[in-house]
Q: 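This is the structure I have questions about; it appears just below.
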Amino acid sequence: MPTVHLLIKGKVQGVFYRASAKEVAKEIDLTGWISNSGNGDVEAIVSGTQTQLDTFITWCQNGPKRAEVSEVVICKVEEQIFKNFSIKR
């Protein structure tokens, strides 16, 4: 399955971005992880079908209600296999 690294920029910390992303990932059976970065961004590595990835990326471009996403940088990476979707702390 394809795997991508996402770097989500903007007002994305302190707005329940990671928890909301986990809910979306569970709904669409996407696997991987999401984490706050040290500079105020959020990053994720996710694996799934292209349709699942497209759905998740589209959601990431808006995020939860209080988020203000300015950019989502998407990079394809080597395929990775995850058991579920988790929040890294």
Side-chain angles (χ1 to χ4, degrees):
M1 287 197 185
T3 302
V4 294
H5 175 266
L6 304 174
L7 183 62
I8 302 113
K9 298 175 174 272
K11 182 183 173 192
V12 292
Q13 290 189 15
V15 295
F16 299 100
Y17 197 99
R18 294 174 303 156
S20 299
K22 183 177 181 178
E23 289 177 20
V24 171
K26 284 180 71 173
E27 287 175 15
I28 62 174
D29 292 324
L30 191 71
T31 62
W33 57 262
I34 193 162
S35 178
N36 284 340
S37 68
N39 63 357
D41 299 332
V42 168
E43 68 175 316
I45 293 187
V46 292
S47 292
T49 66
Q50 193 59 53
T51 300
Q52 290 168 313
L53 293 174
D54 291 344
T55 299
F56 189 73
I57 290 167
T58 297
W59 180 86
C60 285
Q61 291 169 335
N62 295 302
K65 190 174 185 176
R66 296 183 351 186
E68 295 174 16
V69 178
S70 61
E71 182 180 13
V72 177
V73 180
I74 306 159
C75 296
K76 290 185 179 183
V77 295
E78 188 173 319
E79 180 180 357
Q80 296 182 42
I81 306 213
F82 303 97
K83 291 183 180 180
N84 55 25
F85 190 91
S86 63
I87 296 174
K88 281 189 169 183
R89 301 208 190 293

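The shown structure was predicted, so the numbers you read here are calculated from the model rather than taken from an experiment. Residue indices begin at 1 and follow the sequence shown.
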Q: List the atom of C60, the atom of I8, and the distance in Å for their closest heavy-atom pair.
A: O-CG2, 4.2 Å
Q: Would you confirm whether Q52, through its side chain, and D29, through its main-chain N or O, come within 3.5 Å as a donor-acceptor pair?
A: yes
Q: With rounding to the nearest 0.5 Å, note down the distance linking CG in D41 to CD in E71.
A: 9.0 Å
Q: L53, M1: one ILVMFWY side-chain cluster at the under-4.5 Å cut-off?
A: no
Q: Could you check whether any side-chain N or O of S70 sits under 3.5 Å from a backbone N or O of K9, counting only pairs where one atom can act as donor and the other as acceptor?
A: yes
Q: What distance do I34 atom CD1 and S20 atom OG have between them, rounded to the nearest 0.5 Å?
A: 9.0 Å
Q: I87, V12: one ILVMFWY side-chain cluster at the under-4.5 Å cut-off?
A: yes
Q: Under 3.5 Å, side chain of S47 to main-chain N/O of Q80, donor-acceptor pair present?
A: yes
Q: If you group Ile, Leu, Val, Met, Phe, Trp and Tyr by side-chain heavy-atom gaps below 4.5 Å, do V69 and V24 land in one group?
A: yes
Q: What's the spacing between C75 SG and L7 CG if we round to 0.5 Å?
A: 8.0 Å
Q: Closest approach of R18 and V42, non-hydrogen atoms and distance?
A: CG-CG1, 4.4 Å
Q: Go through L6 and F56 one step at a time and tell me if the side chain to side chain contact (heavy atoms under 4.5 Å, CB included) criterion holds.
A: CA-CA 10 Å; L6 304 174; F56 189 73; 3.8 Å; yes
Q: Side chain to side chain contact (heavy atoms under 4.5 Å, CB included) for V4 and V46? Distances and angles first, verdict last.
A: CA-CA 6 Å; V4 294; V46 292; 3.5 Å; yes
Q: For a quick test of reading the model, state the closest non-hydrogen atom pair linking F85 to L30 and the distance between them.
A: CB-O, 3.7 Å
Q: Where do I74 and I57 come nearest, in terms of heavy atoms and distance?
A: CD1-CG2, 3.6 Å
Q: At what distance, to the nearest 0.5 angstrom, does OG1 of T55 lie from CD of Q50?
A: 10.0 Å
Q: Check E43 against H5 and note the closest heavy-atom contact, atom names and distance.
A: OE1-NE2, 2.7 Å
Q: Kindly say whether N39 contributes a backbone atom to a donor-acceptor pair with the side chain of Q13 at under 3.5 angstrom?
A: no
Q: Should the heavy atoms of other residues, nucleotides or ligands under 6.0 Å from CZ of F82 be counted, would the total exceed 12?
A: yes
Q: Do the side chain of R66 and the main chain of G14 share a donor and acceptor less than 3.5 angstrom apart?
A: yes
Q: How many angstroms lie between CD in E78 and OG1 in T3, if you round to the nearest 0.5 Å?
A: 9.0 Å
Q: Considering all heavy atoms of both residues, which atom of V15 and which atom of P64 are nearest to each other, and what is their separation?
A: O-CG, 3.4 Å
